[in-house]
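The structure appears below as structure tokens.
Worth saying up front: this structure is predicted, and the values here are computed from it rather than measured. Order of the sequence lines fixes the chain letters, A, B, ..., with proteins taken first and strands second; residue numbering starts at 1 for each chain.
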Protein chains: 2
Amino acid sequence: MQTIVKEPTTRNAINTFHAILEAAEDLFYKNGYHKTTVNNITSQAGIAAGTFYLYFPSKLSLYKHLLIQMSHDIRREIASKIADKTTRFEKEREGIKAFINLVRRRPHMYNIIWESLYIDRELFRDYYASFAKRYVRGLDQSVQQGEIRALDTEVVSYVLMGITNFIGLKVVLNLGDKNDDVDRIVDVVMDLIRHGLFITDAPKP
Amino acid sequence: MQTIVKEPTTRNAINTFHAILEAAEDLFYKNGYHKTTVNNITSQAGIAAGTFYLYFPSKLSLYKHLLIQMSHDIRREIASKIADKTTRFEKEREGIKAFINLVRRRPHMYNIIWESLYIDRELFRDYYASFAKRYVRGLDQSVQQGEIRALDTEVVSYVLMGITNFIGLKVVLNLGDKNDDVDRIVDVVMDLIRHGLFITDAPKP
DNA sequence: ATCAAATATGAATACCCATTCATTTTATGA
DNA sequence: TCATAAAATGAATGGGTATTCATATTTGAT
């Protein structure tokens, strides 16, 4: 299934195309995919209902287009923020921070990505499977370089994704402490990742 | 909003009531809330469409009923599995294991709980906020008893929920390694929680 | 200025689905 | 056995919405 009819070329067409994307992002976030009608989207975008179908073959294709775009945005954002970091620890910290700041700026992303589980399960699976795959590559490298312990990196990748996602959830949904400061939270998380949760007497192996 | 019309009393009524719940659980899991019609549910339950409304005032109320029931089931299951454990470490391990085994047995739970984010956001918030609150109580106690380090227990609770949920997701959706063994995965997770991810030379404080 | 292609319009279409209700069947207790 | 209540039926209703299409406008090249 193609996600768009064709790339718009003229100035006006580009504006219309982006107006649709912007309205959809906003409405999908506020009301969810199912409660958002194509008419809601077109009227918020300031265009006629029929115009929508000049750009997208269906409502679902628009959703997929947004999801794919966002998954790229997330990867690019994280990659750019950790590119110049040299240690795995710093990469991890900046990666988490980048993700949280991104979803805080654009809380739409959260909703849209998770909602895929209910719109197209394969899309959801693919999203996390491919994210994990990349993560594992980075972790394996760090194991080789002796920076992190030799654990099952696939499991570790899901642990780290879980941490990042739920901390993001807390921040985006304003769960718990209302005065959350991203840096402070990330410090706590990194402390956990570095030292573990428990008090032990024995030195580390 | 009440979730059911009234508790059924006679034998047949109880059967019908449970047939509806079972069919709904199955169909919401397979196709999601929005793609499941009341007719789908009643025909899979082997009853007429109208009968549905003798038990539930609306489709949404059935969903809420399932969600509330499941959140109780999860808490009860975890509580019963950790009741006799004495150390925080064991409680944590058995809690994670109980959760994963439960969602593996009834993968419906996963979908239904997360889908609440798109059906009724307050429901979703309440679910995790109250889960976190309980978690924090337990963690605070363990901090007092010197079993775990004195970190922000609210942040820690989201970290632990995130880990558990994403490991559960991996298992339920069969992401990555297809021969996942729950005990082995939980061992990796607990190792992480105990020692952290990184190799450090200094002994623990 | 002219024309063809690209864009845009919005009312009409066609389908879907939650819920209702008049009617029938089944259970219960006197 | 009969009367009453409880449970069940399923066709009909009504509201909603994704998509289409005949028509109109705008754009850009010649």
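For A:Y55 and C:dA8, the shortest distance from a side-chain N or O to OP1 or OP2 is below 4.0 Å. Put simply, A:T10 has no side-chain N or O that comes within less than 4.0 Å of OP1 or OP2 on C:dA6. The shortest distance between the side-chain N/O atoms of A:T42 and the OP1/OP2 oxygens of C:dG10 is not below 4.0 Å. An OP1 or OP2 oxygen of D:dT26 is reached within less than 4.0 angstrom by no side-chain nitrogen or oxygen of A:N12. When the side-chain nitrogen and oxygen atoms of A:T16 are compared with OP1 and OP2 of C:dT7, none of them lie within a distance under 4.0 Å.
Rounded to whole angstrom, the span from the CG atom of A:N39 across to the P atom of D:dT20 amounts to 14 Å. Atom C1' of nucleotide D:dG16 and atom NZ of A:K35 are separated by 15 Å, given to the nearest angstrom. Separating the CD1 atom of A:I14 from the P atom of C:dA8 is a distance of 11 Å, rounded to the nearest angstrom. Regarding A:N15, its CG atom lies at a distance of 19 Å from the P atom of C:dA6, rounded to whole Å. Distance CD1 (A:I20) to P (D:dT19): 13 Å, rounded to an integer number of Å. With rounding to whole Å, A:N40 atom CG is found 7 Å from D:dT17 atom P. Rounded to a whole Å, the CZ atom of B:F52 is 16 Å from the C1' atom of D:dT9. Rounded to an integer number of Å, the gap from A:L27 CG to D:dT17 P is 13 Å.
With ring centers used as reference points, A:Y118 lies 6.0 Å or more from B:F28.
With DNA chain D read from its 5' end, the first of the two nearest nucleotides for A:Y53 and B:A49 is the one closest to B:A49.
Within the 4.0 angstrom heavy-atom criterion, only backbone atoms of the sugar-phosphate kind lie near B:K6; the bases stay farther away. Nucleic acid contact for B:T51: base, since at least one base atom lies under 4.0 Å from a heavy atom of the residue.
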Open item on the list: What verdict does the ring-ring contact (aromatic ring centres under 6.0 Å, His included) test give for A:F166 and B:Y128, after you've listed the backbone C-alpha separation in whole Å, the side-chain angles of each residue and the deciding distance to 0.1 Å?
Closed with: CA-CA 10 Å; A:F166 267 62; B:Y128 280 108; 5.4 Å; yes
Open item on the list: Quick one, A:Y29 with A:Y110, criterion ring-ring contact (aromatic ring centres under 6.0 Å, His included). Give me CA distance, side-chain angles, the key distance, then yes/no.
Closed with: CA-CA 8 Å; A:Y29 169 62; A:Y110 233 99; 9.9 Å; no
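By the 4.5 Å heavy-atom criterion applied to side chains, B:F124 and A:L173 are counted as neighbours.
For the residue pair B:D140 and B:T153, a side-chain donor N or O sits within less than 3.5 Å of a side-chain acceptor on the partner.
Minimum atom distance to the side chain of B:V38 is reached by C:dT19, of the listed D:dA18, C:dT19, C:dG10.
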